[in-house]
Amino acid sequence: TDVEKYFNENRKDFTHPTEVRLSHILTTSEADADNLIKKLKSGTSFEELARKSSLDPVTAEKAGDLGKFKHTEILPEFLETVNALSVGSYSSKAVKTPYGYHILKKTGEKLLPAMSKEEAVQEIRKLLLKDKFDKWIDEQKAKLNVKIDYSALK
């Protein structure tokens, strides 16, 4: 089944689950993100830049804090970068998502208790259902030619 396959391919996420705490700075372009990364490298604090420059109003006022995530809850686009970061470090390159370009910082990481196979199966079912639903939404948006104006949401 799909659930068994997912469990076998991602066993570590359930037998040695971790939780990470992430912060981000959201920009509209790679050039903007590169300029902010230069400021970070020259000593400007991530939190200060997030407050001043991030286009995500909710997290900007919290110095960029996105909160805590289990590995299975992290945006797929973020996974590779998050896995490469050590606690306290930020990405040296922006990560592109449909929302814009993100500079990520890993602010915490801890090991969680292992899940039983039954708990894992429940979580995997939810993940697969969400994935199917997200794909369906994307198909509907494409069919109906829906465009989201993120700037209008501010």
Side-chain angles (χ1 to χ4, degrees), residues 6-116 119-120 122-138 141 146-154:
Y6 189 96
F7 180 78
N8 291 328
E9 289 173 359
N10 301 279
R11 188 177 297 264
K12 185 178 169 278
D13 293 341
F14 304 103
T15 57
H16 296 94
T18 55
E19 176 183 82
V20 294
R21 184 170 203 128
L22 299 173
S23 291
H24 81 148
I25 300 171
L26 179 65
T27 68
T28 54
S29 74
E30 198 166 9
D32 287 348
D34 289 343
N35 286 332
L36 293 174
I37 289 168
K38 281 180 190 148
K39 289 180 181 180
L40 289 170
K41 286 180 178 169
S42 69
T44 307
S45 92
F46 189 95
E47 294 70 22
E48 183 186 329
L49 268 186
R51 279 193 186 94
K52 284 186 193 167
S53 304
S54 183
L55 299 179
D56 179 348
V58 175
T59 63
E61 64 185 41
K62 297 187 287 181
D65 186 33
L66 283 165
K68 297 174 183 171
F69 301 89
K70 286 188 211 162
H71 211 267
T72 53
E73 298 168 333
I74 297 171
L75 275 178
E77 296 94 335
F78 286 0
L79 271 177
E80 191 177 326
T81 300
V82 169
N83 288 338
L85 291 174
S86 55
V87 174
S89 66
Y90 57 85
S91 54
S92 57
K93 195 173 170 324
V95 178
K96 187 180 188 313
T97 70
Y99 309 105
Y101 292 82
H102 307 256
I103 303 165
L104 297 174
K105 181 177 181 180
K106 187 187 281 187
T107 57
E109 184 169 33
K110 73 177 186 181
L111 196 59
L112 300 173
M115 286 185 187
S116 70
E119 290 171 312
Q122 291 307 313
E123 187 147 325
I124 292 167
R125 280 196 183 121
K126 282 187 221 162
L127 283 169
L128 294 176
L129 195 60
K130 182 189 176 305
D131 195 43
K132 278 183 186 167
F133 182 70
D134 289 347
K135 281 184 179 138
W136 180 82
I137 291 286
D138 289 342
K141 279 197 234 171
V146 172
K147 299 274 186 265
I148 298 172
D149 182 0
Y150 290 102
S151 63
L153 297 174
K154 288 181 187 161

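Because the structure is a prediction, the values reported are computed rather than measured. Reckoned from all heavy atoms, side chains included, excluding hydrogens, waters and symmetry mates.
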Given side chain to side chain contact (heavy atoms under 4.5 Å, CB included), test Q122 with M115 step by step and report yes or no.
CA-CA 10 Å; Q122 291 307 313; M115 286 185 187; over 6 Å; no

Quick one: does I137's side chain get under 4.5 Å of F133's, heavy atoms only?
yes

Assign the ring pair H102 / Y99 to parallel, tilted or perpendicular, where the plane angle (0 to 90°) is split at 30° and 60°.
perpendicular

Rounded distance (nearest 0.5 Å) linking atom CG of L49 with atom CG of L36
5.5 Å

Between CD on residue E9 and CD1 on residue I124, distance to nearest 0.5 Å
10.0 Å

Within a strict 4.5 Å, meaning less than it, do heavy atoms of the D65 and R21 side chains meet?
yes

Under 3.5 Å: donor-acceptor pair, side chain of T44, backbone of K39:
yes

Looking at H24 and S54, what are the two nearest heavy atoms and their distance?
O-OG, 4.2 Å

Determine, stepwise, if the pair L75 / F69 fulfils side chain to side chain contact (heavy atoms under 4.5 Å, CB included).
CA-CA 10 Å; L75 275 178; F69 301 89; over 6 Å; no

Considering only NZ, NE, NH1 and NH2 on the basic side and carboxylate oxygens on the acidic side, decide whether D13 and K70 come within less than 4.0 Å.
no

Enter the distance from L26:CG to I103:CD1 here, rounded to the nearest 0.5 Å.
9.5 Å

Looking only at heavy atoms, which two atoms of L104 and V82 are closest? And how far apart?
CD1-CG2, 4.1 Å

Derivation and outcome, side chain to side chain contact (heavy atoms under 4.5 Å, CB included), residues D34 and E30:
CA-CA 6 Å; D34 289 343; E30 198 166 9; 4.2 Å; yes

Is the shortest side-chain N to carboxylate O distance from D134 to K130 below 4.0 Å?
yes

When rounded to the nearest 0.5 angstrom, what is the spacing between CD in E123 and CD in E73?
6.5 Å

When rounded to the nearest 0.5 angstrom, what is the spacing between CG in N10 and OG1 in T15?
10.5 Å

Minimal heavy-atom distance between P17 and P113, with the atoms involved, is CG-O, 3.2 Å

How about L79 and H71: do any of their side-chain heavy atoms sit closer than 4.5 Å?
yes

Nearest 0.5 angstrom please: N83 CG to F78 CZ, how far?
13.0 Å

Could you tell me whether the side chain of T59 and the main chain of L66 form a donor-acceptor pair under 3.5 Å?
no

Closest heavy-atom pair and its distance - A50, A60
O-CB, 3.5 Å

If you compare all heavy atoms of E19 against all heavy atoms of L112, which two are closest, and at what distance to 0.1 Å?
CB-CD1, 3.8 Å

Any donor and acceptor pair, going by atom type alone, linking the side chain of S45 with main-chain N or O of E48 inside 3.5 Å?
yes

How would you list, by chain and number, every residue that makes a salt bridge (charged side-chain N to carboxylate O under 4.0 Å, His left out) with E109, sequence neighbours excluded?
K106

Nearest heavy-atom approach of A94 to Y101 is CB-CB, 3.9 Å

Is there side-chain contact between S23 and E47, with at least one heavy-atom pair below 4.5 Å?
no

Can you list the steps and then say if D138 with K141 is a side chain to side chain contact (heavy atoms under 4.5 Å, CB included)?
CA-CA 5 Å; D138 289 342; K141 279 197 234 171; 4.1 Å; yes

